[in-house]
Amino acid sequence: MSDNFITEIIDANLREGLPTIATRFPPEPNGFLHIGHAKSICLNFGLAKRYGGRCHLRFDDTNPLKEDTKYVDSIQQDVRWLGFDWGEHLYFASDWFDKMYAFAHRLIDAGLAYVDSQSVEVVREQRGGFGKDGVDSPFRNRTVAENKALFTQMREGKFSDGTHVLRAKIDMTHPNMLMRDPLLYRIRHATHHRTADDWCIYPMYDFAHCLEDAIEGITHSICTLEFESNRQLYDWVLDAIGGWAPRPRQYEFARLKLDYTVMSKRKLLRLVENNQVDGWDDPRLPTIAGMRRRGVTPEALRQFAELVGIAKNNTTVDIGKLEYCIRQDLETRTPRALAIIEPLPLEITNWPKERIEQITLPWRADDPSAGSRQVAFGRNLFIEADDFALDPPKGWRRLSVGREVRLMGAYLVTCTDVTTDAEGNVIGLKGQVDLKSQGGAAPDGRKVKGTLHWLSAPGSERAEVRLFDRLFSVASPEADPDVDFIEHLNPDSLIVQSKALIEKALLTVDSESRWQFIRQGYFVADRYDHGPDTPVFNRVIGLRDSWSQRPDQGRPERAKASTSKSAKKSMTKRKPADIRAAARQQDSGLALAYNRFVQEHGFTEEQADLLSADRAIADFIEEALSSGTAAASIASWAVNQLLVLHRQSSMSQRPMRGKQFGELVGLTDSNTISKSAAKSVLAEMARTGRDPTLLVDELGVGKAADPSALVGEAIDGLLLEYADETARYRAGERQLMGFFMGQAMRRLKGKADGQVVRTELLARLG
RNA sequence: UCGGGGAUCGUCUAAUGGCAGGACUGGAGACUCUGAAUCUCCCUAUCUAGGUUCGAAUCCUAGUCCCCGAACCA
């Protein structure tokens, strides 16, 4: 697995002393896994592998109404097929129901949870909305004893569904809707697929998931972006209970979206239930089971996950990338076989009727160790209907009347005659082979560009071939909210060719064995329907074809102009400027500071605004101003350097004093140190609170007595060491200046001005 | 309307103040007993506007656009 923002976090955690990592893949057993899950599986298991940690497979089975054992089986099968192993770490959320129940009691004891006894509708109503505060439930202040008694009775089955819930006591006016007293437990008299009727109350996701992680010792709980808001609640629950080691943390990445398909369980389910596809493992579906049946390999899927990468951008991956991974993987692993999808008879008129010649063809032309087999050649042959043209276009290399092509591994043939039916369709060809061209080589060395695959009547068998294509005919079937995605189904996503021909050797191959049908594509013997008497092959993916134009040659149709309601209204957030103004309104000290900054010290209004929104900063600046350094310099440095530090950790928490900051800025004003040197001094000063003059000495960044001599010397050395780059620069690669500047500045440790260095560099580079 | 995220080639993804890189797609060519594969070359990007800096995709400010969140779902 390559680096990404999560591996960076893990690297940092490990450096800080975390002994090992544990991740988990936590599907709910209520549907089949799809390629989006594959990305997550590769991430979680891949991380565990990379860092020598572990990855749990955990079924998040907290909702008995939706879940079923049949899904837990299929999910395990899919994960294993993808190539991952959870060892002994197979868990179910339901394994921890007892513990969770006990934790809920602890929350009640701490006064952090209460039993509410209102209807769903009322609870929803009270929650408020975005920008609209919620209101407290009348049951919010029940006593601990009351809550404990009620919750115990809930567990004992004294109440019917929907009469009571356990809620966290947080804040009904919280800006994050999830924090408005979220539900922790609800009553559900339902039989659970594992715990049967042991329970009639079940924990909600936000309460259960973080506890599952904590109980199992998960260190990095990785989920998709839509759970970002849930993180706050995740942390709340774990902190409220406390005492975790390791304490799990949640991180979110962007889930996979693909062109020309849909990924949500709901939409997939609709396709399955409406019989628009043939079950969850229909080869056109992006489900793992479907892709397996389609003939895609786990290696290709893992390679795809790797190529797509892990980030936080909301993106849609070009399905061509998946197709590339599939082709690349199959290219190296499949033997080459002959098959004709739409046969067109070709009679070799100069070949004796009874004569059959066994032609030896290698399974792979590039690898003799792959072996070979014999294919019968005779008078009555078939070629691919597409390989003949009545009226050949420019550049046509295939067959046409009067043209010569090679029948792969056999003979050169010239078409002499064509028969058509009443409608003008070609129904048969006649031709003559050059009998001296056995093996396919021209006796006189003449160039024959076209090479066709072929089969003879006695050397072939009928087979069913299923040609799959993209499920939807547009790139973003979900883009337009006014059009049902079903409307965009590609009518040609499945074409069954029952009169295809395969060479005899393919009759006995195993189900799920994969082949390249030469010049056609990659095919797999169907996992279920294929057998010696009923050969059935699925086309995994066609070969790349730079001759015939794909139907979607041009740019894929991207999302139509999104006219959804949510897109139209511009979401204006509370602006930082407003927050600062509000701070000054609340605190007259800040307002006064603002005025002083502008009137007494000549700050620009923008500078004054930025520096007077927070007491720690405003006071710090006032102190810096007392150092006697020019106010303009202080303002500029404060805005551009100090605020960043302040954001990382408040100035009030730092050992550095305002006076020291003022002095440092003064050192640059007086040209004692360069600005870049001052930045490194500032970093150190902010950390340790030591005096700037001291640090300048210690870090050795004071300006040299004769800077240009020092600079010249350094640059001469540089140009010698980087002769290549120097030559490239002189040849015109001016963007290398940044490289030279970087090297020079590093070497000079800030003893010189950037400006001087640049001038000298320019002079010497010519 | 409130809160949380995100904007880099057509697509996905790097660059953590110092040569905007890689992959897919697309284009051109070479080779070819698969119009495949392989090889070579090429096209194309830092959301906008200001600022700081010798130097900004990266830091500061303002703006624009996109995504997610108000199930007793996960």
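Reminder, nothing fancy here: chain letters follow the sequence lines and each chain counts from 1. We use all heavy atoms of the structure for the numbers below, so side chains are in, but hydrogens, waters and symmetry mates are not.
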| query | For atom CZ of A:R747, is the number of surrounding heavy atoms from other residues, nucleotides or ligands below 6.0 Å larger than 12? | reply | yes
| Residue A:R758, side-chain atoms from C-beta onward, closest of B:G18, B:A70, B:U52 | B:G18
| Nearest-angstrom distance from the residue atom CG of A:L258 to C1' of B:C12 | 11 Å
| B:A7 and B:A57, which share atom name C1', separated by this distance in whole Å | 11 Å
| Could one point to a donor on the side chain of A:N640 or the base of B:G51 with an acceptor on the other under 3.5 Å away? | yes
| request: Report yes or no: is the ring centroid of A:F739 under 5.5 Å from the six-membered base ring centroid of B:G18, with the two planes under 30 degrees? | output: no
| Verdict with supporting geometry, A:Y234 and A:D213, side-chain hydrogen bond (donor to acceptor under 3.5 Å, both in side chains) | CA-CA 10 Å; A:Y234 184 103; A:D213 287 340; 2.7 Å; yes
| Is A:Y205 stacked on the base of B:A74, with ring centres under 5.5 Å apart and planes under 30° apart? | no
| note | Atom OH of A:Y522 and atom C1' of B:A37 are separated, to the nearest Å, by 7 Å
| note | Out of B:U32, B:G69, B:A62, minimum distance to the side chain of A:K449 belongs to B:U32
| query | How would you label the contact of A:L407 with the nucleic acid (heavy atoms, under 4.0 Å): base, sugar-phosphate, or nothing? | reply | nothing
| task | Just jot down the ring-ring contact (aromatic ring centres under 6.0 Å, His included) partners of A:F377, sequence neighbours excluded, or say none. | result | A:W351, A:Y411, A:W454
| message | Counting only heavy atoms not in A:K257 (residues, nucleotides, ligands), do more than 12 fall under 6.0 Å from its NZ? | response | no
| query | Taking CD from A:Q743 and P from B:G18, how many angstroms apart are they, rounded to a whole number? | reply | 11 Å
| query | Can you find a side-chain donor-acceptor pair between A:H209 and A:Q250 that sits under 3.5 Å? | reply | no
| field | Stacked cation flag A:R539 on A:Y522, 6.0 angstrom / 45 deg | value | no
| Mind checking the C1' distance from B:A37 to B:A30? Whole angstroms is fine. | 14 Å
| task | Before accepting this row, confirm whether a basic side-chain N of the pair A:E331/A:R336 lies closer than 4.0 Å to the acidic partner's carboxylate O. | result | yes
| task | Looking at every strand, decide which applies to A:V120 at a 4.0 Å heavy-atom threshold: base, sugar-phosphate, or nothing. | result | base
| said: Distance check, C1' atoms only: B:U44 and B:U52, in whole angstrom units. | reply: 31 Å
| query | When the distance from CD1 of A:I187 to C1' of B:C72 is rounded to whole Å, what number comes out? | reply | 10 Å
| remark: Paired to B:A7 by Watson-Crick or G-U wobble criteria (both distances under 3.5 Å) is B:U64
| request: Compare side-chain N and O positions of A:R186 against OP1 and OP2 of B:A74 and report whether any pair is under 4.0 Å apart. | output: yes
| request: Once you apply the 3.5 Å cut-off to both distances, tell me the Watson-Crick or G-U wobble partner of B:C41, or none. | output: B:G27
| said: Can you work out whether A:S636 or A:V644 has the more 5'-proximal nearest nucleotide on RNA chain B? | reply: A:S636
| query | Among the nucleotides B:C54, B:G35, B:U34, which one has an atom lying closest to any side-chain atom of A:K675? | reply | B:C54
| query | Between A:N30 and B:A74, does any side-chain N or O lie under 4.0 Å from OP1 or OP2? | reply | no
| query | Side chain of A:T451: nearest nucleotide among B:C60, B:U11, B:U34? | reply | B:U34
| said: Reading RNA chain B from 5' onward, which residue's closest nucleotide shows up sooner: A:P27 or A:K447? | reply: A:K447
| message | Nearest to the A:D545 side chain among B:C60, B:C19, B:G35, which nucleotide is it? | response | B:G35
| remark: Judged by whether its glycosidic angle lies within 90° of 0, B:A71 is syn
| message | Looking at A:R124 and B:C72, is any side-chain donor or acceptor paired with a base atom of the opposite kind under 3.5 Å? | response | no
| said: On the nucleotide B:A62, are OP1 or OP2 found under 4.0 Å from the side-chain N or O atoms that A:R580 carries? | reply: yes
| query | If you take atom types as modelled and just measure distance, does the side chain of A:Q641 reach the base of B:U52 with a donor-acceptor pair under 3.5 Å? | reply | no
| Once you round it to whole Å, what is the distance between C1' of B:C72 and CG of A:L183? | 5 Å
| field | Donor-acceptor pair present, A:R398 side chain and B:G35 base, under 3.5 Å | value | yes
| Whole angstrom value for the distance that separates C1' of B:U34 from CD1 of A:I340 | 14 Å
| Now, which nucleotide makes the Watson-Crick or G-U wobble pair with B:G17, with each of the two distances under 3.5 Å? | none
| request: Taking only the side-chain nitrogens and oxygens of A:R180, find out if one of them lies under 4.0 Å from OP1 or OP2 of B:A70. | output: no
| Pairwise P distance for B:U58 and B:C66, with rounding to whole Å | 22 Å
| query | Out of B:C72, B:G55, B:G3, which nucleotide sits closest to the side chain of A:N176? | reply | B:G3
| field | side-chain N/O A:R647 vs B:C60 OP1/OP2, d < 4.0 Å | value | yes
| task | Sticking with atom C1', work out how far B:G50 lies from B:C67, rounded to a whole angstrom. | result | 27 Å
| When you compare B:A20 with B:U46, how far apart are their P atoms, in angstrom units rounded to a whole number? | 13 Å
| field | OP1 or OP2 of B:U32 under 4.0 Å from side-chain N/O of A:R406 | value | no
| request: Sticking with atom C1', work out how far B:A15 lies from B:G3, rounded to a whole angstrom. | output: 32 Å
| request: When you get a sec, tell me which of B:A14, B:C60, B:C73 is the closest nucleotide to the side chain of A:K66? | output: B:C73
| Nearest-angstrom distance from the residue atom CE of A:M737 to P of B:G18 | 16 Å
| field | Interatomic distance at C1', B:U53 relative to B:A45, whole Å | value | 24 Å
| said: For a quick test of reading the model: is some side-chain N or O of A:S546 closer than 4.0 Å to OP1 or OP2 of B:A36? | reply: yes
| request: Among B:C67, B:A36, B:C24, find the nucleotide with the atom closest to the side chain of A:N314. | output: B:C67
| task | Taking only the side-chain heavy atoms of A:N4 (C-beta and beyond), determine which of B:U32, B:A14, B:A62 contains the nearest atom. | result | B:A14
| query | Hey, would you say the A:Y114 and A:F139 ring centroids sit under 6.0 Å apart? | reply | no
| task | Could you walk me through whether A:E725 and A:Q743 pass side-chain hydrogen bond (donor to acceptor under 3.5 Å, both in side chains), step by step? | result | CA-CA 12 Å; A:E725 283 78 2; A:Q743 290 295 334; over 6 Å; no
| request: Side chain of A:T62 only, please: which of B:U13, B:U32, B:A74 is the nearest? | output: B:A74
| note | Between CG of A:L65 and C1' of B:C72 the distance, given in whole Å, is 11 Å
| field | B:A71 pairs with, by Watson-Crick or G-U criteria that keep both distances under 3.5 Å | value | none
| Should we count CD of A:E733 as having more than 12 external heavy atoms under 6.0 Å? | yes
| query | Hey, does the side chain of A:R544 come within less than 4.0 Å of B:G26's phosphate (OP1/OP2), counting only N and O? | reply | yes
